[in-house]
Amino acid sequence: MARGAKYWLMKTEPETYSIHDLEAESNQTTHWDGVRNYQARNFMRDEMKLGDRVLVYHSNAKPPHAAGTAKIVKESYPDHTAWDENDKHYDPKSTPENPRWFMVDIKLDEVFDQTLGLDELREIKALEGMELLRRGSRLSVQPVGKGEFDAIVKAAHKKAADAS
DNA sequence: GCCAACGTTGGC
DNA sequence: GCCAACGTTGGC
């Protein structure tokens, strides 16, 4: 049974993998490997469905910012990088027979012409109480309310319109 | 580079 | 099953 799309936020460090790297991928699609946190994994493995929307957030940037949006184009499957001894995220406890870590594929929707810095996000009324803005929040994959998602997209578009 | 806030690990 | 030690995240 179909359900409405859900909304998510996924963090990435732009020096490692940015939304511009996603834009440059063939078909502008990539697998979101390297997540090694159980809560984040569970969201990807159990709850992300085709067509769900993703807000791409650049952490550890100056300033950290919302960079654009994407959508889920493939539901969860084992993260093979966990089996690769040479991979930064190698985990000997994960095996092909009994995979511990999972990932999804996402496809770029939009790179914001004007990104929204953390300070700007904090100024948006609709984002009060958003998980991302909570002190000490570290989850790299987290659910986002539709209202929050829409407010961020709207604010990014308004900023771009004002700048042009 | 610092460090607060977490999450994980492993001894007991 | 507790919890101290350790490792990581991520804003600043």
Side-chain angles (χ1 to χ4, degrees), chain A residues 6-25 30-48 52-70 72 76-106 108-145 147-149 151-156 158-160:
Chain A
K6 286 195 180 177
Y7 298 81
W8 305 95
L9 179 143
M10 292 170 117
K11 295 181 189 173
T12 183
E13 300 190 14
E15 281 199 22
T16 305
Y17 190 90
S18 77
I19 199 164
H20 303 289
D21 294 318
L22 175 60
E23 190 174 26
E25 301 276 6
T30 193
H31 49 265
W32 205 256
D33 63 86
V35 172
R36 298 291 181 270
N37 170 281
Y38 289 104
Q39 212 179 339
R41 176 204 68 183
N42 292 347
F43 284 136
M44 287 200 297
R45 187 190 60 188
D46 305 332
E47 297 195 43
M48 281 188 178
D52 282 3
R53 308 289 305 280
V54 176
L55 186 70
V56 178
Y57 178 82
H58 282 168
S59 61
N60 257 316
K62 296 172 186 172
H65 58 271
T69 62
I72 306 298
S76 74
Y77 57 108
D79 180 345
H80 56 79
T81 66
W83 310 329
D84 178 0
E85 280 184 53
N86 298 316
D87 192 277
K88 188 183 175 214
H89 301 290
Y90 173 61
D91 180 359
K93 291 173 187 161
S94 185
T95 64
E97 295 72 32
N98 189 16
R100 173 173 297 213
W101 303 112
F102 291 80
M103 59 189 178
V104 297
D105 285 359
I106 68 169
L108 180 70
D109 271 334
E110 177 189 9
V111 179
F112 291 151
D113 287 333
Q114 293 284 324
T115 62
L116 292 175
L118 191 53
D119 285 351
E120 294 170 283
L121 295 176
R122 291 192 192 285
E123 287 170 8
I124 300 173
K125 202 77 177 169
L127 304 187
E128 279 177 14
M130 186 179 179
E131 165 73 19
L132 176 75
L133 305 183
R134 254 191 48 235
R135 176 177 166 78
S137 164
R138 296 191 310 169
L139 247 192
S140 63
V141 175
Q142 55 184 257
V144 172
E148 294 168 345
F149 187 96
I152 290 170
V153 172
K154 188 178 162 194
K158 179 176 190 308
K159 187 178 175 186

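Order of the sequence lines sets the chain letters (A, B, ...), proteins ahead of strands, with each chain counted from 1. Side chains are part of it too, since the values below use all heavy atoms of this structure and drop only hydrogens, waters and symmetry mates.
Taking the six-membered ring where the residue is Trp, A/Tyr7 and A/Phe149 present tilted rings, their angle falling between 30° and 60°.
Between A/Asn60 atom CG and C/dG11 atom P there is a gap of 6 Å when expressed in whole angstrom units. Taking atom OH on A/Tyr38 and atom P on B/dG7, their separation rounds to 13 Å, with Å as the unit. Computed from coordinates, the A/Leu132 CG to B/dA5 C1' distance equals 15 Å when rounded to whole Å. The interatomic distance linking A/Trp101 (CH2) with B/dG7 (C1') rounds to 10 Å, in whole Å. Taking atom CG on A/Leu9 and atom P on C/dT9, their separation rounds to 16 Å, with Å as the unit. Rounded to an integer number of Å, the gap from CD of A/Gln142 to P of C/dG10 is 9 Å. Rounded to whole Å, atom P of C/dC12 lies 10 Å from atom CG of A/Leu133. Taking atom CG on A/Leu139 and atom P on C/dG10, their separation rounds to 9 Å, with Å as the unit.
When the options A/Tyr38, A/Trp32, A/Trp8 are evaluated for a ring-ring contact (aromatic ring centres under 6.0 Å, His included) with A/Phe43, the one that passes is A/Trp8. For the side-chain contact (heavy atoms from CB on, under 4.5 Å) with A/Met103, the lone residue among A/His80, A/Met48, A/Arg41 that qualifies is A/His80. With respect to A/Ile106, the side-chain contact (heavy atoms from CB on, under 4.5 Å) criterion is satisfied by exactly one of A/Met10, A/His31, A/Arg53: A/Met10.
You'll find that the side chain of A/Arg138 is closest to B/dA5, out of B/dT8, C/dG11, B/dA5. With B/dG7, C/dG11, B/dT9 as the choices, the nucleotide that has an atom nearest any side-chain atom of A/Lys93 turns out to be B/dT9. Nearest nucleotide to the side chain of A/Lys11, out of B/dT8, C/dG10, B/dA5: C/dG10.
Across all strands shown, A/Lys62 has no heavy atoms under 4.0 Å from either base or sugar-phosphate atoms. Note on A/Arg36: nothing from the nucleic acid sits closer than 4.0 angstrom, heavy atoms only.
Contact check, A/Tyr57 against C/dT9: no side-chain N or O comes under 4.0 Å of OP1 or OP2. Checking the phosphate oxygens (OP1, OP2) of B/dC6, a side-chain nitrogen or oxygen of A/Arg134 falls inside 4.0 Å.
Ion pairing between a basic and an acidic side chain is recognised when a charged N comes within 4.0 Å of a carboxylate O; A/Asp79 and A/Arg36 show such pairing.
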